[in-house]
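Counting from 1, the numbers follow the sequence of the chain as shown. Hydrogens, waters and symmetry mates play no part in the numbers below; they use all other heavy atoms, side chains included. Given the structure is predicted, the values throughout are model-derived calculations rather than measurements.
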Amino acid sequence: MPDADEVDEAEEMPLSLRLSIADTLTLGNATCGFMAVYFTTTGILIPHLTGSQETGMARHSAATAVILMLCAAVFDLFDGLVARKLRSSPMGAELDNLSDLISFGLAPAYFVLVYGMVADDAHQRVAAVGAIVVLLAVVLRLARFSCVTVKDGTFQGMPSPFGALTVVSIVLLELPFAATLMAILGTAWLMVSRVEYPKPRGPLAVAMLSWIVAAMGLLAAWAFDAPGGQLLLQTGCALQLVLGAVIPLFATARRVNNFRDNRREARAAQLP
């Protein structure tokens with residue numbers, strides 16, 4: 001049996017030091033991001049630097065790293081849902097931002113950096129600049145999220161999990177280096193833009209979770225060299241890019257239509 005002093009000490013623990021269930025999920029997010037960096041280093045970068053001929057290792061490690069980023073996105077999706085349903089600790093928002101920075105800032109930026117070192121047609125220093133832009137875009141995106149209030153149900157700028165998955169999808173498509181770099185920079189711009197994105201709630205959250213599970217399956221098929229696995233992966237990556245491009249177009253079109261409707265209503269109100 002614990003001593004009475006120990007029980008009193010536990011009860012007097014500041015609320016800010018108590019982790020909730022949502023905080024535990026957030027820490028799982030950070031762990032997945034760190035492990036994605038680990039597998040990118042040990043399975044892709046180190047074999048390349050040492051001249052290893054085990055190409056399967058690079059494929060398995062790349063797939064594992066991206067799957068871990070997808071798992072981080074699942075943790076990020078559920079920690080918000082759990083926090084709304086149960087409770088969140090006073091440091092929940094800070095933990096969430098720090099974890100997102102690791103999983104959706106550092107991990108994809110490092111993935112781009114390593115791509116610039118191992119790809120045949122890539123330029124290492126230029127890829128390093130692209131990686132820095134991705135990292136800084138996520139930093140600015142998360143900082144703005146903490147201090148800017150937007151209307152309920154929307155994000156301002158591409159959410160960092162969606163942006164991270166788009167960046168790694170661009171790399172996995174194996175496009176020419178110039179096209180890859182331009183697409184990565186475009187994604188970074190979308191993350192710091194003012195384009196509105198819907199928050200994943202209700203049916204949209206289910207759709208997002210289904211898409212993540214499907215992406216994990218595509219990555220596993222590609223990693224184990226299943227028949228048609230390369231084509232399936234490229235199809236999934238292309239769909240991710242299409243989603244990343246179409247959502248801003250729909251959001252912009254909606255804002256233009258709302259602006260036109262407001263102008264019509266204002267003109268109608270001025271008529272005698």
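For the pair L101 and L135, the minimum side-chain heavy-atom distance is below 4.5 Å. Looking at heavy atoms from C-beta onward, P161 lies out of side-chain contact with L165 at the 4.5 angstrom threshold. Looking only at side-chain heavy atoms (C-beta outward), I46 and T41 come within less than 4.5 Å of each other. Side-chain contact between F177 and V126 is present, with heavy atoms from C-beta onward closer than 4.5 Å. No side-chain heavy atom of I102 sits less than 4.5 Å from a side-chain heavy atom of L98. Looking at R59 and D225, their side chains come closer than 4.5 Å, going by heavy atoms from C-beta outward. At a threshold of 4.5 Å between non-hydrogen side-chain atoms, the residues Q240 and W211 count as touching. In this structure the side chain of V134 never reaches within 4.5 angstrom of the side chain of T187, judged on heavy atoms.
Expressed to the nearest 0.5 Å, how far CG of L68 lies from CG of N29 amounts to 11.0 Å. Atom CG of residue D76 and atom OG1 of residue T26 lie 7.5 Å apart, to the nearest 0.5 angstrom. Rounding to the nearest 0.5 Å places OG of S99 at 13.5 Å from CZ of F34. With rounding to the nearest 0.5 Å, the separation of CD1 in I170 from CG in L175 is 8.0 Å. Note that the OG1 atom of T24 and the CZ atom of F75 stand 10.0 Å from one another [nearest 0.5 Å]. Interatomic distance, L219 CG to L233 CG, rounded to the nearest 0.5 Å: 5.5 Å.
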Exercise for the section: Show your working on side chain to side chain contact (heavy atoms under 4.5 Å, CB included) between V167 and Y115 and close with a plain yes or no. Expected result: CA-CA 11 Å; V167 166; Y115 154 76; over 6 Å; no
Exercise for the section: Kindly determine whether M191 and V138 satisfy side chain to side chain contact (heavy atoms under 4.5 Å, CB included), including the steps that lead there. Expected result: CA-CA 7 Å; M191 283 193 280; V138 175; 3.9 Å; yes
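No single ILVMFWY cluster, assembled from side-chain heavy atoms under 4.5 Å apart, contains both F111 and L136. A single hydrophobic cluster is not seen to contain both M208 and L218; linkage of ILVMFWY side chains at heavy-atom distances under 4.5 Å, directly or through other members, places them apart. Placement of M216 and V168 within a single hydrophobic cluster is found when ILVMFWY residues are connected by side-chain heavy-atom separations under 4.5 Å, directly or transitively. In terms of hydrophobic clustering, with Ile, Leu, Val, Met, Phe, Trp and Tyr side chains grouped at heavy-atom distances under 4.5 Å, L113 and L185 are assigned to a common cluster. In terms of hydrophobic clustering, with Ile, Leu, Val, Met, Phe, Trp and Tyr side chains grouped at heavy-atom distances under 4.5 Å, I44 and M35 are assigned to different clusters.
Residue S160 comes nearest to L142 through the heavy atom pair OG-CD2, 3.9 Å, listed as atom of the first residue, atom of the second, then distance. In this structure, F104 and M69 approach most closely via the heavy-atom pair CE2-O, 3.8 Å. Annotation for M117 and H48: closest pair O-NE2, 3.0 Å, computed over non-hydrogen atoms. Of all non-hydrogen atoms in V112 and A127, the two that sit nearest each other are CG1-O, 3.8 Å. For the residue pair W222 and G229, the shortest heavy atom distance occurs at CB-O, 4.0 Å. In terms of heavy atoms, L172 sits closest to C237 at CB-SG, 3.8 Å.
Here D100 does not pair with R141 in a salt bridge; the nearest charged N to carboxylate O distance is not below 4.0 Å.
Annotation for E94: atom CD does not count as buried by contact number, only 12 or fewer foreign heavy atoms lying within 6.0 Å.
Ring geometry for F224 against H60 counts as tilted: the plane angle lies between 30° and 60°, on a 0 to 90° scale.
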